[in-house]
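I have placed the structure first, in the form of structure tokens, so that the comments after it can refer back to it.
Below, read A as the first sequence line, B as the second, and so on, with proteins coming before strands; counting in each chain starts at 1.
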2 protein chains.
Amino acid sequence: MSAKVHAELHESVRRSLTARDVRYTAGRRKVIDTLSEAPGPRSAAELLDETHDVPLSSLYRSLTVLDEAGILRRQHDADGLARYELAEWLTGHHHHAVCTDCGSVEDIELGESEEASLDRILAGLSRSTGWDLTGHSLEVEGVCPSCRT
Amino acid sequence: MSAKVHAELHESVRRSLTARDVRYTAGRRKVIDTLSEAPGPRSAAELLDETHDVPLSSLYRSLTVLDEAGILRRQHDADGLARYELAEWLTGHHHHAVCTDCGSVEDIELGESEEASLDRILAGLSRSTGWDLTGHSLEVEGVCPSCRT
DNA sequence: ATGAGTGCAAAGGCTTTGCATTAGG
DNA sequence: CCTAATGCAAAGCCTTTGCACTCAT
């Protein structure tokens, strides 16, 4: 993420937090910085390492607060480990590819026409299932380039 | 699941386990029975309750063994709780709808043409990402019929 | 028979919480 | 200033494991 976009990211986060009376502290900025540079969702342990000097409990509390504020999204990988990524309104809509070999998760984007056919599929599902569908995520699994070699 | 298909299910499981020198015990049959009747993935706590008289540690050990044998599939829900369902070779390929309100997960199936367009999307991804893709799952989120009312 | 499975209790690992202190707006 | 956030240690919760006993094949 470029410097300019980076500054805008922090501004977006700050505005969003301020509106909820949540403070944008140094530790939280480090978390957002780290996540914005990551190629895919990060675990708490990875963030603990990559943010430097953000204590465990503060990290977890910040992650919880940022999740509740809609700044980031928490999921769980195949091992049940919590993984965090910036929310889609900050990064843009994307999907995930999970390596069945090493477990790494990589962000991937679909082209317009692919995303459009996904939307058509969802519209059909909404009708046939009785659910009021609000979002979707396609997760593909396979072997990543570095495990393939 | 009908009685006949049910019997076939147990036979499939038994054959698969026998081939790996894993025994198909009463407790494990209860787990398979419960999962085959569930409308979506079950947690360990739910299985503990629904199987009756399968002790905690035995349940977890059976789930681990059955997962490793490819009989069932373990995932984790939004709260990080492990959830189990029969593997797709036993139930058929399907996807999940997650209720953003109550957290319930329901199995859903796509029609042939929808599944075919998903496959086309995946083929494109395989080319553009350099991954060797082997599977996919589409998770849709929304509000389930019972939470909508 | 004989090794896999069971069942209880104890341990593990990730995450949350209590509380006194610090610092952001 | 005044309340949210921090940071340490302690507690929680789901899941796994040690060990002696039991049962499936």
Side-chain angles (χ1 to χ4, degrees), chain A residues 10-11 13-34 41-69 71-85 103 105, chain B residues 10-11 13-34 41-69 71-85 103 105:
Chain A
H10 282 305
E11 247 335 285
V13 172
R14 174 183 298 285
R15 270 196 300 275
S16 190
L17 291 180
T18 300
R20 302 178 52 126
D21 285 301
V22 173
R23 295 172 186 170
Y24 199 27
T25 60
R28 289 169 186 183
R29 259 192 306 275
K30 283 188 190 173
V31 170
I32 298 297
D33 272 333
T34 305
R42 317 306 286 153
S43 67
E46 288 166 346
L47 291 173
L48 191 62
D49 184 50
E50 294 162 4
T51 53
H52 307 300
D53 305 315
V54 175
L56 190 67
S57 65
S58 300
L59 175 63
Y60 274 110
R61 265 192 277 241
S62 290
L63 290 172
T64 301
V65 165
L66 292 171
D67 179 35
E68 287 168 351
I71 304 298
L72 49 81
R73 180 183 168 80
R74 160 200 268 140
Q75 342 165 219
H76 291 266
D77 66 16
D79 295 323
L81 208 61
R83 291 193 165 276
Y84 305 83
E85 63 183 346
V105 183
Chain B
H10 282 305
E11 248 334 286
V13 172
R14 173 183 300 284
R15 270 197 300 275
S16 190
L17 291 180
T18 300
R20 301 178 54 125
D21 284 302
V22 173
R23 295 172 186 171
Y24 199 26
T25 60
R28 288 168 187 184
R29 260 192 305 274
K30 282 187 192 175
V31 170
I32 299 298
D33 271 333
T34 305
R42 317 306 286 150
S43 68
E46 289 166 345
L47 290 173
L48 191 62
D49 183 51
E50 294 162 3
T51 52
H52 306 300
D53 306 313
V54 176
L56 190 67
S57 65
S58 300
L59 175 63
Y60 273 109
R61 265 193 276 241
S62 290
L63 290 171
T64 301
V65 166
L66 292 170
D67 180 34
E68 286 168 351
I71 304 297
L72 49 80
R73 179 183 168 79
R74 160 201 268 142
Q75 339 164 223
H76 292 266
D77 66 17
D79 295 323
L81 210 60
R83 291 192 166 275
Y84 305 84
E85 64 184 345
V105 183

Q.
For a quick test of reading the model, state the closest non-hydrogen atom pair linking D53(B) to P55(B) and the distance between them.
A. O-CD, 3.5 Å
(Q) Could you report the tightest heavy-atom contact between A44(B) and L63(B), atom names first, then the distance? (A) CB-CD1, 4.5 Å
Q. Can you name the residues that form a salt bridge (Lys or Arg N to Asp or Glu O under 4.0 Å) with R42(B), not counting sequence neighbours?
A. E46(B), E50(B)
Q: Please list, chain by chain and in numerical order, all residues satisfying side-chain hydrogen bond (donor to acceptor under 3.5 Å, both in side chains) with E85(B), sequence neighbours excluded.
A: H94(B), H96(B)
Euclidean distance, atom [atom1] of residue [X] to atom [atom2] of [N] [Å, nearest integer]:
X	N	atom1	atom2	answer
R42(B)	dC14(D)	CZ	P	16 Å
D53(A)	dC8(D)	CG	P	10 Å
R29(A)	dA23(C)	CZ	C1'	12 Å
H76(A)	dG13(C)	NE2	C1'	14 Å
R28(B)	dG7(C)	CZ	P	11 Å
D79(A)	dG12(C)	CG	C1'	15 Å
L48(A)	dT6(D)	CG	P	14 Å
L63(B)	dC14(D)	CG	P	15 Å

Q. Do the side chains of V22(A) and E68(A) get nearer than 4.5 Å, heavy atoms only?
A.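 A side-chain contact is absent here, since even the closest heavy-atom pair is not under 4.5 Å.
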**Q.** Residues forming a side-chain contact (heavy atoms from CB on, under 4.5 Å) with R23(A), sequence neighbours excluded
**A.** T25(A)
(Q) Can you list everything that forms a side-chain contact (heavy atoms from CB on, under 4.5 Å) with A69(B)? Sequence neighbours excluded, please. (A)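 Only L17(B), R20(B), I71(B) meet the side-chain contact (heavy atoms from CB on, under 4.5 Å) criterion with A69(B).
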With sugar-phosphate meaning primed atoms plus P, OP1 and OP2, does [X] contact a base, only sugar-phosphate, or nothing at under 4.0 Å between heavy atoms?
X	value
V65(A)	nothing
S62(B)	sugar-phosphate
A45(A)	nothing

Q | Nucleotide-resolved protein contact map, nucleotides 17-25 of chain D, B/S/- at heavy-atom distance under 4.0 Å | A | BBB----BS
Q.
Would you compute the distance between atom CG of L72(A) and atom CD1 of I32(A) and round it to the nearest 0.5 angstrom?
A. 6.0 Å
Q. Of the candidate nucleotides dT6(D), dT15(D), dT15(C), which contains the atom at the shortest distance from the side chain of L81(A)?
A. dT15(C)
(Q) Taking only side-chain N and O atoms of R74(A), does any of them lie within less than 4.0 angstrom of OP1 or OP2 on dT15(C)? (A) no
(Q) Around atom CZ of R29(B), are there more than 12 heavy atoms from other residues, nucleotides or ligands closer than 6.0 Å? (A)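 Correct, the count exceeds 12.
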(Q) Between the opening five pairs and the closing five pairs of the helix from dA1(C)-dT25(D) to dG25(C)-dC1(D), how far apart are the helix axes, to 10°? (A) 50°
